[in-house]
Protein chains: 2
Amino acid sequence: MTTPPTTGTQAVDRAALLVATVVRADEPLTFADLQAACGLPKSTTSRMLTALERSELLERNDSGSYVAGPLFWLYATRHDPWEELVRLARPTMDRVGQDTGETVNLSVCRGDRVVQVAQVDSTYLLGTRDWTAVDVPAHSSALGKVLLGYGVVDLPKGELEQLTPYTITDREALRRELAQAVRRGWASTADELEIGLSGIAAPVRGSGGEVVAALGISGPSPRLQDRREEIGRKLSDRAEQLSGLLRRNTRKEGVA
Amino acid sequence: MTTPPTTGTQAVDRAALLVATVVRADEPLTFADLQAACGLPKSTTSRMLTALERSELLERNDSGSYVAGPLFWLYATRHDPWEELVRLARPTMDRVGQDTGETVNLSVCRGDRVVQVAQVDSTYLLGTRDWTAVDVPAHSSALGKVLLGYGVVDLPKGELEQLTPYTITDREALRRELAQAVRRGWASTADELEIGLSGIAAPVRGSGGEVVAALGISGPSPRLQDRREEIGRKLSDRAEQLSGLLRRNTRKEGVA
DNA sequence: GAGTGGAGTTCCACATCATGGAACTCTTCG
DNA sequence: CGAAGAGTTCCATGATGTGGAACTCCACTC
């Protein structure tokens, strides 16, 4: 890491390093943070940051820290990063829908939230409704538990929200629950998000083997009560099939 | 535009120009495209593109053309560009829901598609269902007509899909319809997407005055039939209020 | 299979352009 | 009011990026 084995690109490399540092950090970085992280002299850092800001690759927030610039925002308005995932997952989700008759969901982590990116509706009259983009605390849904268990999302700082008397709010109890879920390959909830609502979910792995999403179903607790094990295993299988698909079809790299 | 009034940043500026060109183009650009677009000598272009690729700011697709690199993708997985819009729009949408009782939707353009980014459900039993992220031809929905009318999305190349006998598939007729919608400030559809389904929508403007989204309702045609005018004007008002909010709250720049 | 042209990479002498230490300018805080 | 911190500007220096030309690698064509 002394001198890159390349030539004629010092300035560009350094500039790119600054941009990459900001984007990967995913939180505003101050001038000093950046200077330290990249190990560049003050004057160089200053000159480059100014140029990058002018070019819209970076931008300063109200407090003067650097964040990803308008070009990144523009890119995000035009590209759905989960498009491919959803496309590849659709057949699997349909099959799960046929298997169980329940509402099927695919969740990923966006920032520090769990979001639903695709859904197949229940065939029953009584079913979970438009779930997409609903913001639900991770520790209270099966999908969330999967993503938590594999470290795709982190628990929020403060108290864990108690949504029903059954919501697990004790961090230690939750840790055990998550560990178990990881061990057996699927997670479940019963009445923890809403009385009467149960969910079961399993991890989906990306091309690098890292967990990128959770595949799950949800429905009325009475209907799922006795099929937990069976559905859990089924989901786990289906999720693994999907993971196989992704391994073959996805772009080279995963998430940082 | 002869010489930028800045100094000591030629390399970075040029590199940034290459990246910006690729991101804004939003389609794979060949080496030659880039060289031409940026007016740089071959050797410089080559050296820089190699460096940018190494830094993950750019990436080459299968056919060797350049596209936005992994850093952009990473950013997109973490940030929802419509988060702010949805947050600001929520109260307005709720109000529209109360006004009309119908399903309320907020749509934007992602790439060349119209996507729903937020929804308030109908209070009626008979209502439009989970609509979010459903892919519907722009010319057959009111929301789509608004975005088409203001040039936020473009019509697809080939034949316009005929979904019902009432779908407008004649480009000239559609052009007139869109012009009228723009003139009066709202668009509507009746049985053009699905028999029995009607929709009404109005444009929402961003901080720069450009149309960035469409606010609309949809419901059974019989229920909307006679209230078209009234709801259209109401929606237009609400959308304008929302636009006012955005003007004050949104980041400096809009869309390219 | 030699011949041609287009597309992109590598080379290298040159001087332009980025470099970074130091001086300078604002703020902030004691 | 003085001192320290944070960031910008200056400028002499030479390392670094530059770009024309030569070169390589295809993909076609006759």
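Proteins come first, then strands; the chains are lettered A, B, ... in the order of their sequence lines, and each starts at number 1. Atom set for the values below is all heavy atoms of this structure, side chains included, hydrogens, waters and symmetry mates excluded.
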With heavy atoms of chain B within less than 4.0 Å as the criterion, where does contact along DNA chain D begin and end? dG17(D) to dG20(D)
Calculate, to the nearest 0.5 Å, the distance between atoms CG and CZ belonging to Asp80(A) and Arg87(A) respectively. 11.5 Å
Can you confirm whether the side chains of Asn105(B) and Ser107(B) place a donor and an acceptor under 3.5 Å from each other? no
Any side-chain N or O of Arg47(B) below 4.0 angstrom from OP1/OP2 of dC11(C)? no
Starting at CE of Met93(A), measure out to CZ of Arg238(A) and round the result to the nearest 0.5 Å. 13.0 Å
Can you find a pair of side-chain heavy atoms, one from Thr92(A) and one from Leu215(A), that are under 4.5 Å apart? yes
Nearest non-hydrogen partners of Ala138(B) and Val114(B), listed with the distance: CB-CG2, 3.9 Å
For the pair Glu53(B) (side chain) and Ala51(B) (backbone), establish whether a donor and an acceptor sit closer than 3.5 Å, ignoring hydrogens and angles. no
Rounded to whole angstrom units, what separation is found between the CG atom of Leu18(B) and the C1' atom of dG8(C)? 15 Å
So does Glu192(B) pair up with Lys145(B), basic N to acidic O under 4.0 Å? yes
Considering non-hydrogen atoms only, spot the tightest contact between Glu59(B) and Gly69(B) and give its length. CB-CA, 3.7 Å
Residues 37-52 of chain B vs side chain to side chain donor-acceptor pair (under 3.5 Å), sequence neighbours excluded, gives none
Do you know which two heavy atoms are closest between Leu52(B) and Val12(A), and how far apart they sit? CD2-CG1, 4.0 Å
Please give the angle, rounded to 10 degrees, between the axes at the start and the end of the helix from dG1(C)-dC30(D) to dG30(C)-dC1(D), where five pairs define each axis. 40°
Under 3.5 Å, N/O pairs linking protein and nucleotides 14-17 of chain C:
residue, atom, partner, partner atom, Å
dC17(C), OP1, Gln10(B), NE2, 2.9

For Leu52(A) and dA18(C), give me the distance from atom CG to atom P, rounded to whole Å. 13 Å
Between Phe72(B) and Phe72(A), is the ring centre distance below 6.0 Å? yes
Salt-bridge present (Arg110(A), Glu83(B); N to O < 4.0 Å): no
Heavy-atom closest pair, residues Leu246(A) and Arg205(A): CD1-O, 3.3 Å
Considering only heavy atoms, which members of residues 29-43 of chain B lie under 4.0 Å from some atom of DNA chain D? Pro41(B), Ser43(B)
Do NZ/NE/NH1/NH2 and the carboxylate oxygens of Arg24(A) and Glu56(B) come within less than 4.0 Å? yes
Just the table, please: protein N/O against nucleotides 26-30 of chain C N/O, every pair under 3.5 Å.
none

Does this structure show an ion pair linking Asp13(A) with Arg54(B), if we count only N-O contacts that are shorter than 4.0 Å? yes
